[in-house]
> 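For reference, the structure I am asking about is given below.
Every chain is numbered from 1 and lettered A, B, ... according to where its sequence line falls, protein lines coming before strand lines.
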There are 4 protein chains.
Amino acid sequence: MANQFGHSFRITTFGESHGGGVGVVIDGCPPGIAINMEQVQAWLDRRRPGQSHLTSPRAEDDTVECLSGLHNGISLGTPMTLLVRNKDYKPDDYQNIQKGFRPSHADFTTQAKYGVRAPSGGGRSSARETIGRVAAAAVAEQFLQQKIAGFSVVAYVETVKDLSANIEDPQEVTRTDVDKTPLRCPDQKMVKSMEALIMDAKKSGDTVGGVIFCGISGCPLGLGEPVFDKLEADLAKAMMSLPASKGFEVGSGFAGTKMYGSEHNDAFEMRDRRVRTLTNHSGGIQGGISNGEFIYMRVAFKPVSTIFKDQKSVSDKGDPIMLNPNSGRHDPCVLPRAVPMVEAMAMLVIADHYLRQLSIAAGAGDQRV
Amino acid sequence: MANQFGHSFRITTFGESHGGGVGVVIDGCPPGIAINMEQVQAWLDRRRPGQSHLTSPRAEDDTVECLSGLHNGISLGTPMTLLVRNKDYKPDDYQNIQKGFRPSHADFTTQAKYGVRAPSGGGRSSARETIGRVAAAAVAEQFLQQKIAGFSVVAYVETVKDLSANIEDPQEVTRTDVDKTPLRCPDQKMVKSMEALIMDAKKSGDTVGGVIFCGISGCPLGLGEPVFDKLEADLAKAMMSLPASKGFEVGSGFAGTKMYGSEHNDAFEMRDRRVRTLTNHSGGIQGGISNGEFIYMRVAFKPVSTIFKDQKSVSDKGDPIMLNPNSGRHDPCVLPRAVPMVEAMAMLVIADHYLRQLSIAAGAGDQRV
Amino acid sequence: MANQFGHSFRITTFGESHGGGVGVVIDGCPPGIAINMEQVQAWLDRRRPGQSHLTSPRAEDDTVECLSGLHNGISLGTPMTLLVRNKDYKPDDYQNIQKGFRPSHADFTTQAKYGVRAPSGGGRSSARETIGRVAAAAVAEQFLQQKIAGFSVVAYVETVKDLSANIEDPQEVTRTDVDKTPLRCPDQKMVKSMEALIMDAKKSGDTVGGVIFCGISGCPLGLGEPVFDKLEADLAKAMMSLPASKGFEVGSGFAGTKMYGSEHNDAFEMRDRRVRTLTNHSGGIQGGISNGEFIYMRVAFKPVSTIFKDQKSVSDKGDPIMLNPNSGRHDPCVLPRAVPMVEAMAMLVIADHYLRQLSIAAGAGDQRV
Amino acid sequence: MANQFGHSFRITTFGESHGGGVGVVIDGCPPGIAINMEQVQAWLDRRRPGQSHLTSPRAEDDTVECLSGLHNGISLGTPMTLLVRNKDYKPDDYQNIQKGFRPSHADFTTQAKYGVRAPSGGGRSSARETIGRVAAAAVAEQFLQQKIAGFSVVAYVETVKDLSANIEDPQEVTRTDVDKTPLRCPDQKMVKSMEALIMDAKKSGDTVGGVIFCGISGCPLGLGEPVFDKLEADLAKAMMSLPASKGFEVGSGFAGTKMYGSEHNDAFEMRDRRVRTLTNHSGGIQGGISNGEFIYMRVAFKPVSTIFKDQKSVSDKGDPIMLNPNSGRHDPCVLPRAVPMVEAMAMLVIADHYLRQLSIAAGAGDQRV
């Protein structure tokens with residue numbers, strides 16, 4: 001169960017970073033949905049390493065194959081299996097790594113937990129595992145957009161280290177805006193300084209982190225459950241399950257703790273012939289349930305752990321060693337590639353809760369708002 | 001499934017804030033554990049409203065009854081059912097509330113989702129629902145402490161609005177330190193200003209929020225799963241499922257995004273005859289798996305939504321109205337009572353992952369670190 | 001999870017046979033359903049011991065209380081908790097029992113599994129656990145009958161030991177027919193001989209078993225999943241989870257193995273303006289999915305294990321002993337009381353699959369047959 | 001979730017009978033287990049069509065590939081993905097089939113449920129789906145046999161239509177005995193008549209069914225849960241989820257309903273220094289929990305639905321038609337190939353409950369029998 005996410009739109013991802021391949025089985029995609037595999041490939045291309053000088057040069061082409069669940073481009077309601085073979089695998093690069101536990105990587109804890117681990121590439125802890133998530137999200141997106149007019153999920157890089165983008169209205173940002181530069185920050189004025197900061201870090205063998213903003217437009221009213229499976233709780237889990245994420249906030253988030261209740265509350269009014277809020281500190285979710293407003297959240301990503309500097313560590317046998325894996329291929333900054341990952345997790349949460357709500361709506365009938 | 005949490009130590013909470021009662025069924029507590037019901041009651045007393053002038057005056061005594069699963073103080077391995085009857089129920093107080101949707105409450109979204117809702121008291125969205133969680137955690141704590149020497153979970157109020165406690169070593173804070181004042185902030189120097197800030201807000205009919213710090217000491221190495229059920233992901237979901245929480249961070253959190261990788265990485269060394277880290281920006285979790293260090297996290301709570309000031313809203317029928325529920329009983333600040341709730345959720349996550357790890361350890365055998 | 005049944009209409013039962021009480025939490029009953037608690041009580045009264053000379057004289061009145069999930073007789077979509085207190089508890093009766101493991105009871109295996117067990121009454125292995133299931137089914141029935149015109153589940157005693165009822169058309173049997181006699185066999189001509197057989201067994205301190213027939217009328221087309229969660233697979237699990245059941249068959253069952261394919265196949269025709277089968281050896285389920293025909297199945301119940309005769313056994317300490325618990329209260333024949341239990345499990349399976357189908361139908365749209 | 005089986009040893013199968021391939025993801029196989037892929041292939045070869053004149057001539061070689069979860073023959077504790085490509089796919093054979101709903105197949109119900117279906121080969125309802133189950137079981141077997149000395153699962157053909165094998169002691173039958181003839185019936189005296197019966201049916205374009213016996217030796221004491229997840233309930237679901245199965249019984253089964261309690265009860269004695277039963281009508285399970293004795297069960301399989309005779313049916317458009325798919329490739333008798341499928345499902349149930357018991361045993365400690 002540890003490799004599954006979702007109840008009704010449930011995905012199981014599989015695959016180590018170095019091995020036969022990585023992928024996903026989607027169990028619960030409704031039948032009769034038109035699924036364009038080119039759109040799935042396009043999502044994977046956005047996630048792929050080697051897209052620019054900002055990310056890892058690992059040159060996988062990450063071509064996806066659909067093994068089951070689809071016939072003539074229509075979902076059958078059966079498990080959809082999406083597989084990406086591993087290709088550009090250079091175990092030699094990882095030779096030194098094996099000798100010791102890389103600081104702030106999963107090497108040590110994986111060994112401690114399982115007593116065995118994939119000898120190279122990080123196994124399941126590699127960002128390569130997210131291929132399955134992103135492929136599944138590309139399916140979820142097509143399902144949701146066929147069911148909900150105006151539904152979209154857009155994420156972007158908001159901060160890189162201490163540099164912040166200034167976005168007037170996040171709700172207006174489109175994926176096209178975001179993808180204009182390899183950095184995936186829609187504040188074009190900030191892009192240059194941010195890129196410079198990343199390239200400087202890269203030059204010195206170092207890495208940086210930052211914050212991704214993610215917005216969901218057109219989410220139907222009523223998704224999410226009032227207790228444990230609050231929409232923000234499932235989004236939090238989704239985001240905090242991404243490699244390198246250290247924090248999550250929805251709506252006003254941590255900053256909201258500095259406001260008075262009278263400032264923070266979102267008053268209601270009738271607008272567009274439906275109940276709307278005047279402000280949106282709630283971030284589109286109240287009591288765990290979507291209220292029809294723009295849903296927005298932020299995810300903090302730490303600087304990538306793989307650096308090209310000397311680091312103190314310990315070998316498998318418990319001896320002190322000095323590590324400097326100066327030949328592997330890694331991202332100086334995970335953020336540009338984290339953008340589609342964050343979008344993917346948001347998509348999967350909404351698809352799942354959309355299906356879950358159907359059985360509740362069956363009873364709610366015409367009494368709903 | 002919406003009212004369940006955990007896989008192996010699984011709880012199901014039930015009950016509306018006004019109705020027959022609230023409680024929990026624990027499915028998965030191992031047999032043979034000595035469970036002291038007085039300790040369960042003590043946990044509930046810490047969560048209870050009416051403990052001080054800082055919290056809601058609702059005068060429930062919240063006496064817990066164990067309906068099943070226990071014989072002569074020993075767990076049977078069967079479902080443990082803990083019930084707290086509702087007593088101090090004044091539906092009249094809520095009369096005005098019913099007329100319109102309270103801003104930033106769950107009234108509107110609950111109606112939108114279900115087409116029906118409990119007429120008073122917030123139903124499942126009430127903080128009263130957390131009684132079941134806290135009672136279950138009191139059982140989980142006894143189980144864990146009988147299995148793991150030195151295991152403890154301690155949370156405390158770190159900030160109230162813009163006032164911050166200054167705690168030198170969070171790892172040294174005990175529950176006794178925390179409970180010294182009703183505010184549950186262990187920085188005794190800050191308590192007075194924080195209390196004043198809360199009382200000022202109360203006087204003006206307003207409310208404030210803040211941040212809870214939570215630390216887990218003695219967590220065994222190897223808990224958490226490497227992909228979706230990362231320990232921090234499950235903790236994030238746990239915390240973000242608490243009423244009024246808006247943000248979560250683990251270890252360095254959002255602040256960590258401002259560091260270089262070379263600063264953020266936690267180097268390894270041999271200490272106390274085991275692999276330890278020199279720093280702990282990871283917050284005791286690496287790659288989703290506990291590394292044996294102190295686990296710590298922060299949870300942001302917004303200011304309570306129920307204020308005693310005029311607020312614009314909309315009635316059930318869609319007419320604009322002005323709300324001012326000036327006679328209900330509510331907390332000016334949720335933080336002191338949120339402390340045991342945060343501890344409870346951390347406890348439940350650890351109990352679940354502790355049990356889950358047993359089936360992995362069965363294979364790992366003697367190869368583990 | 002061991003005490004849960006169902007995915008979307010999920011129940012958790014709790015309670016030992018001797019203790020505070022037994023009951024159920026229903027998680028997933030849709031909101032807006034009118035639930036009549038008298039109907040719930042009526043189901044429990046059918047299950048109750050002490051209804052006639054044929055069953056156990058234990059005189060519980062089994063009054064049910066609804067603790068949550070219902071307001072003014074309407075389901076809220078929140079967990080519905082139904083509790084029955086234990087009353088007529090005579091631990092003395094069980095004194096001798098404790099000394100050794102009762103043959104073919106769960107005493108020995110429970111001790112072996114848990115290392116601890118409820119000292120009397122069979123704990124969770126008691127038929128008293130089924131109170132929670134029956135109460136939940138009474139809710140499920142009201143939900144299903146409000147959604148599906150003509151839906152009903154009727155079970156009856158088909159055989160007692162080697163005596164068989166002769167029912168011309170099982171589809172015509174109503175619950176009223178069944179309840180005409182305490183035996184719950186609708187073949188009035190057989191009732192006397194069956195009762196005599198049971199009373200003879202009772203007089204000699206012995207017990208008998210038999211077979212329950214269960215039919216489901218009006219089940220919608222399309223329920224059940226094609227692989228693991230076939231409708232017959234979930235019904236099989238449901239029935240085989242009842243105390244004392246040893247066998248299950250659907251449609252032609254074991255007898256069907258003696259037919260040729262050309263005899264067994266159910267030809268299709270158009271009838272009543274829909275696709276119907278000419279015969280029904282499939283028992284209303286094809287490929288795991290309901291086909292709109294009458295669903296029928298049989299469940300074998302062994303003779304009750306508690307007999308009033310000397311039996312060889314072993315004590316807790318491993319010494320050979322002779323058991324004869326000649327003062328407990330037990331049924332000479334479990335069948336009459338098993339009738340509502342079988343109906344309950346069928347009801348729970350259908351309610352669950354009905355809700356599950358909603359998310360599939362969301363995609364299937366107008367392409368469905 | 002519909003394509004998953006098991007809680008702790010959880011498998012997800014995928015793939016249509018005609019498409020990219022079929023397979024399984026195993027989530028929960030413990031790390032550190034030596035997995036021999038040749039043994040996995042050997043299980044698949046036993047399940048494969050075209051092994052003899054008794055089964056379908058479809059000539060797949062069913063070569064299995066391991067995509068993940070294994071390194072140097074050792075399980076990593078990560079998802080193990082096993083894939084078998086589809087090869088011998090002749091869509092032309094199925095042309096006539098598409099025109100109408102084949103009697104007693106899943107064509108009609110699949111169309112009714114999903115509104116869309118794989119155009120040929122039965123999609124998920126094909127026996128080809130069981131490749132994933134059998135491959136997973138081959139892994140489960142290696143895990144269990146490395147943990148439990150003397151553990152084995154052996155199934156065989158007990159009856160073909162009205163011919164019954166006579167096996168003196170089922171506990172003594174080995175897989176070698178079973179595989180001596182293509183029929184997989186260890187009563188060598190009956191094999192000829194059974195084969196003749198099948199070949200006669202085949203000649204006349206007809207099919208036959210029968211009963212598979214399955215025994216589990218060396219199952220540890222204490223597996224299974226006392227309420228819904230009784231070992232026999234999970235076995236029943238497992239078996240009734242196999243294509244064409246119509247009935248299940250454990251221990252004395254339906255025949256046991258004809259005995260008195262005093263005959264049916266299994267007396268206890270001390271033997272081999274542990275608590276044993278004198279008889280075994282319980283079939284190795286008491287109160288849902290294994291008691292350390294031989295576990296045995298029977299599964300009824302109906303005659304295969306695909307026959308080569310004229311059959312009345314209905315077209316997709318609701319017109320009456322006559323079907324005779326005289327060129328497809330199908331088994332005249334499913335039983336020989338059902339033997340490894342039955343063994344597979346038994347294996348998966350035991351592996352799952354073995355892992356589940358670990359968290360209970362954690363509490364039970366030294367109080368266990």
> From the options A/Val25, A/Asp27, A/Thr78, select the one residue that forms a side chain to side chain contact (heavy atoms under 4.5 Å, CB included) with D/Asn3.
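Output: one option passes, namely A/Asp27.
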
> When rounded to the nearest 0.5 angstrom, what is the spacing between CZ in A/Phe14 and CG in D/Leu82?
10.5 Å

> Suppose we screen for side chain to side chain donor-acceptor pair (under 3.5 Å). Which residues come up paired with D/Ser68, at least two apart in sequence or across chains?
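With neighbours one apart ignored, the set is D/Thr81.
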
> Would D/Arg10 and A/Gln4 count as a side-chain contact (heavy atoms from CB on, under 4.5 Å) if you check the C-alpha gap in whole Å, the side-chain angles of each, and the deciding distance to 0.1 Å?
CA-CA 10 Å; D/Arg10 177 175 288 181; A/Gln4 307 200 326; 2.8 Å; yes

> Most heavy-atom pairs under 4.5 angstrom with chain D, which of A/Gly69, A/Gly21, A/Ser75?
A/Gly69

> Please state whether the side chain, the backbone, both or neither of D/Thr110 comes within less than 4.5 Å of a heavy atom of chain A.
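Neither part; nothing is under 4.5 Å.
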
> Measuring from atom CD1 of A/Ile74 to atom CZ of D/Arg117, what distance do you get when rounded to the nearest 0.5 angstrom?
15.5 Å

> How far does CD1 of A/Ile11 sit from OG1 of D/Thr12, to the nearest 0.5 angstrom?
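OG1 of D/Thr12 is found 11.5 Å from CD1 of A/Ile11.
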
> Is any side-chain heavy atom of A/Leu76 less than 4.5 Å from a side-chain heavy atom of D/Arg124?
no

